[in-house]
Amino acid sequence: MSRLIIVGVVTQQQYPVLWPVPTRWADNDHYGHVNNVTYYSYFDTAVNAWLMRATSTDIRELPALGVVAQTSCQYLGSISFPDQLQVGLRISRLGRSSITYDLAIFRENGESLELAATGVFVHVYVDAGTRKPVEIPEIIRTAAAELVVQ
(Lines give C-alpha, C1' and ligand atoms only; values in the text may rest on other atoms or scores of the structure.)
Protein backbone atom coordinates (compact mmCIF):
# COMPACT_ATOMS: atom_id res chain seq x y z
CA MET A 1 0.00 0.00 0.00
CA SER A 2 1.37 3.42 -0.99
CA ARG A 3 1.16 6.17 1.56
CA LEU A 4 2.48 9.68 1.35
CA ILE A 5 4.09 10.58 4.64
CA ILE A 6 4.89 14.24 5.15
CA VAL A 7 8.39 14.80 6.46
CA GLY A 8 9.38 18.42 6.90
CA VAL A 9 7.89 21.21 4.85
CA VAL A 10 6.07 20.52 1.58
CA THR A 11 6.47 23.32 -0.97
CA GLN A 12 5.38 23.88 -4.53
CA GLN A 13 9.04 23.73 -5.65
CA GLN A 14 8.97 19.97 -4.95
CA TYR A 15 6.47 19.41 -7.77
CA PRO A 16 7.60 19.60 -11.41
CA VAL A 17 4.08 20.62 -12.50
CA LEU A 18 1.54 22.91 -10.87
CA TRP A 19 -1.87 22.53 -12.53
CA PRO A 20 -4.47 25.29 -11.95
CA VAL A 21 -7.86 24.11 -10.71
CA PRO A 22 -10.47 26.65 -9.61
CA THR A 23 -12.98 25.83 -6.94
CA ARG A 24 -16.63 25.91 -7.96
CA TRP A 25 -19.71 27.19 -6.15
CA ALA A 26 -21.01 23.62 -5.86
CA ASP A 27 -17.78 22.38 -4.22
CA ASN A 28 -18.68 23.87 -0.84
CA ASP A 29 -20.63 21.73 1.57
CA HIS A 30 -23.07 22.67 4.30
CA TYR A 31 -20.16 23.59 6.60
CA GLY A 32 -18.90 26.27 4.21
CA HIS A 33 -15.74 24.58 2.96
CA VAL A 34 -14.89 22.30 0.06
CA ASN A 35 -16.22 18.83 0.77
CA ASN A 36 -13.59 16.13 1.30
CA VAL A 37 -14.61 14.03 -1.72
CA THR A 38 -14.06 17.01 -4.03
CA TYR A 39 -10.31 16.91 -3.36
CA TYR A 40 -10.22 13.61 -5.27
CA SER A 41 -11.91 15.32 -8.20
CA TYR A 42 -9.17 17.96 -8.17
CA PHE A 43 -6.52 15.21 -8.23
CA ASP A 44 -8.27 13.40 -11.09
CA THR A 45 -8.73 16.60 -13.08
CA ALA A 46 -5.11 17.71 -12.68
CA VAL A 47 -3.61 14.33 -13.57
CA ASN A 48 -5.75 13.71 -16.63
CA ALA A 49 -5.63 17.29 -17.92
CA TRP A 50 -1.85 17.28 -17.54
CA LEU A 51 -1.62 13.92 -19.37
CA MET A 52 -3.67 15.28 -22.28
CA ARG A 53 -1.53 18.41 -22.50
CA ALA A 54 1.80 16.58 -22.08
CA THR A 55 0.97 13.93 -24.70
CA SER A 56 -0.97 16.21 -27.08
CA THR A 57 -3.54 13.45 -27.38
CA ASP A 58 -6.97 12.56 -26.09
CA ILE A 59 -6.01 9.82 -23.64
CA ARG A 60 -9.56 8.47 -23.71
CA GLU A 61 -8.91 7.25 -27.26
CA LEU A 62 -5.79 5.20 -26.49
CA PRO A 63 -6.03 1.39 -26.61
CA ALA A 64 -4.99 1.32 -22.93
CA LEU A 65 -6.76 3.33 -20.25
CA GLY A 66 -5.46 4.52 -16.90
CA VAL A 67 -7.98 3.47 -14.28
CA VAL A 68 -7.73 4.57 -10.67
CA ALA A 69 -6.66 1.68 -8.45
CA GLN A 70 -5.89 3.64 -5.29
CA THR A 71 -6.26 7.13 -3.86
CA SER A 72 -5.61 8.74 -0.53
CA CYS A 73 -5.72 12.27 0.82
CA GLN A 74 -4.34 13.98 3.89
CA TYR A 75 -6.20 17.20 4.65
CA LEU A 76 -3.98 19.95 6.01
CA GLY A 77 -5.93 23.16 5.53
CA SER A 78 -9.37 24.36 4.57
CA ILE A 79 -10.32 25.60 1.12
CA SER A 80 -13.56 27.22 0.02
CA PHE A 81 -15.15 28.75 -3.06
CA PRO A 82 -13.91 31.06 -4.66
CA ASP A 83 -10.34 29.90 -3.86
CA GLN A 84 -7.97 29.37 -6.76
CA LEU A 85 -5.89 26.21 -6.46
CA GLN A 86 -2.71 24.78 -7.88
CA VAL A 87 -2.35 21.00 -7.84
CA GLY A 88 1.27 19.87 -7.64
CA LEU A 89 2.09 16.71 -9.61
CA ARG A 90 5.07 14.41 -9.33
CA ILE A 91 5.56 10.70 -9.85
CA SER A 92 7.09 8.53 -7.14
CA ARG A 93 6.81 5.26 -9.07
CA LEU A 94 6.70 4.53 -12.78
CA GLY A 95 6.07 0.81 -13.11
CA ARG A 96 5.35 -1.55 -16.01
CA SER A 97 1.57 -1.09 -15.88
CA SER A 98 1.05 1.51 -13.16
CA ILE A 99 1.96 5.06 -12.23
CA THR A 100 1.94 6.40 -8.67
CA TYR A 101 1.39 10.15 -8.50
CA ASP A 102 2.21 12.16 -5.40
CA LEU A 103 -0.01 15.23 -5.35
CA ALA A 104 -0.42 18.40 -3.34
CA ILE A 105 -3.21 20.95 -3.36
CA PHE A 106 -2.08 24.51 -2.78
CA ARG A 107 -4.44 27.43 -2.21
CA GLU A 108 -3.40 30.72 -3.80
CA ASN A 109 -3.01 33.39 -1.14
CA GLY A 110 -1.87 36.61 -2.73
CA GLU A 111 1.74 36.09 -3.81
CA SER A 112 2.14 32.73 -2.05
CA LEU A 113 0.68 29.24 -2.06
CA GLU A 114 -0.58 27.55 1.10
CA LEU A 115 -0.57 23.77 1.36
CA ALA A 116 -4.11 22.44 1.83
CA ALA A 117 -3.73 18.70 1.18
CA THR A 118 -1.42 15.98 -0.05
CA GLY A 119 -2.40 12.76 -1.72
CA VAL A 120 -1.53 9.64 -3.66
CA PHE A 121 -3.23 8.62 -6.88
CA VAL A 122 -2.41 5.35 -8.67
CA HIS A 123 -3.29 4.71 -12.30
CA VAL A 124 -3.19 1.10 -13.52
CA TYR A 125 -3.27 0.74 -17.29
CA VAL A 126 -5.73 -1.74 -18.72
CA ASP A 127 -6.78 -2.77 -22.21
CA ALA A 128 -9.71 -0.58 -23.26
CA GLY A 129 -11.73 -3.63 -24.35
CA THR A 130 -10.82 -6.42 -21.96
CA ARG A 131 -9.93 -4.30 -18.89
CA LYS A 132 -6.92 -6.61 -18.30
CA PRO A 133 -3.66 -4.95 -17.13
CA VAL A 134 -1.27 -3.95 -19.91
CA GLU A 135 1.95 -1.98 -20.20
CA ILE A 136 1.74 1.79 -19.95
CA PRO A 137 1.41 3.22 -23.47
CA GLU A 138 4.73 4.65 -24.67
CA ILE A 139 3.26 8.12 -25.20
CA ILE A 140 2.15 8.14 -21.53
CA ARG A 141 5.44 6.65 -20.27
CA THR A 142 7.49 9.29 -22.09
CA ALA A 143 5.47 12.15 -20.58
CA ALA A 144 5.36 10.56 -17.11
CA ALA A 145 9.13 10.04 -17.02
CA GLU A 146 9.55 13.83 -16.85
CA LEU A 147 7.74 13.93 -13.48
CA VAL A 148 9.57 11.09 -11.73
CA VAL A 149 11.25 12.20 -8.51
CA GLN A 150 13.19 10.24 -5.93
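All heavy atoms count here, side chains included; hydrogens, waters and symmetry mates do not.
- Atom CD1 of I105 is separated from atom OH of Y75 by 8.5 Å, given to the nearest 0.5 angstrom.
- Rounding to the nearest 0.5 Å places CG of L103 at 13.5 Å from CD of Q74.
- For the pair D127 and P63, the minimum side-chain heavy-atom distance is 4.5 Å or more.
- The aromatic rings of H123 and F121 sit perpendicular to each other, their planes meeting at more than 60°, with 30° as the lower class boundary.
- Of the inter-residue distances, the one linking T55 atom OG1 with L62 atom CG reads 7.0 Å to the nearest 0.5 angstrom.
- With a 4.5 Å cut-off on side-chain heavy atoms, P16 and R90 count as touching.
- To the nearest 0.5 Å, the span separating CG on D29 from OG on S80 amounts to 9.0 Å.
- More than 12 heavy atoms of other residues, nucleotides or ligands sit less than 6.0 Å from atom CZ of R96.
- Separation of atoms CG (L18) and CG (L85) is listed at 11.5 Å; rounding is to 0.5 Å.
- Proximity of a side-chain donor or acceptor of T57 to a complementary backbone N or O of I59 within less than 3.5 Å is not detected.
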Check: Going through the checks in order, is the side chain to side chain contact (heavy atoms under 4.5 Å, CB included) test met by N28 and H33?
Finding: CA-CA 5 Å; N28 278 12; H33 64 266; 5.6 Å; no
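- Between Q12 and Q86, the side chains place no donor N or O within less than 3.5 Å of an acceptor N or O (distance only, hydrogens not considered).
- Surrounding CZ of R141 are more than 12 heavy atoms belonging to other residues, nucleotides or ligands, all under 6.0 Å away.
- The two residues T23 and D83 make their nearest non-hydrogen contact at OG1-O, 2.7 Å.
- The distance from atom CZ of R107 to atom OG of S112, rounded to the nearest 0.5 Å, is 8.5 Å.
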Margin query: As a quick check of understanding, evaluate side chain to side chain contact (heavy atoms under 4.5 Å, CB included) for Y42 and D27, giving each step before the final call.
Written below: CA-CA 10 Å; Y42 298 153; D27 294 347; 2.6 Å; yes
Next item on the list: Evaluate side chain to side chain contact (heavy atoms under 4.5 Å, CB included) for L65 paired with Y125, printing each intermediate quantity in order.
Entry: CA-CA 5 Å; L65 307 172; Y125 282 83; 5.7 Å; no
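- Looking only at side-chain heavy atoms (C-beta outward), I91 and T100 stay at 4.5 Å or farther from each other.
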Next item on the list: Apply side chain to side chain contact (heavy atoms under 4.5 Å, CB included) to L147 and I99, showing your working.
Entry: CA-CA 11 Å; L147 297 188; I99 300 174; over 6 Å; no
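- Grouping the Ile, Leu, Val, Met, Phe, Trp and Tyr side chains by contacts below 4.5 angstrom, directly or via other members, places F81 apart from F106.
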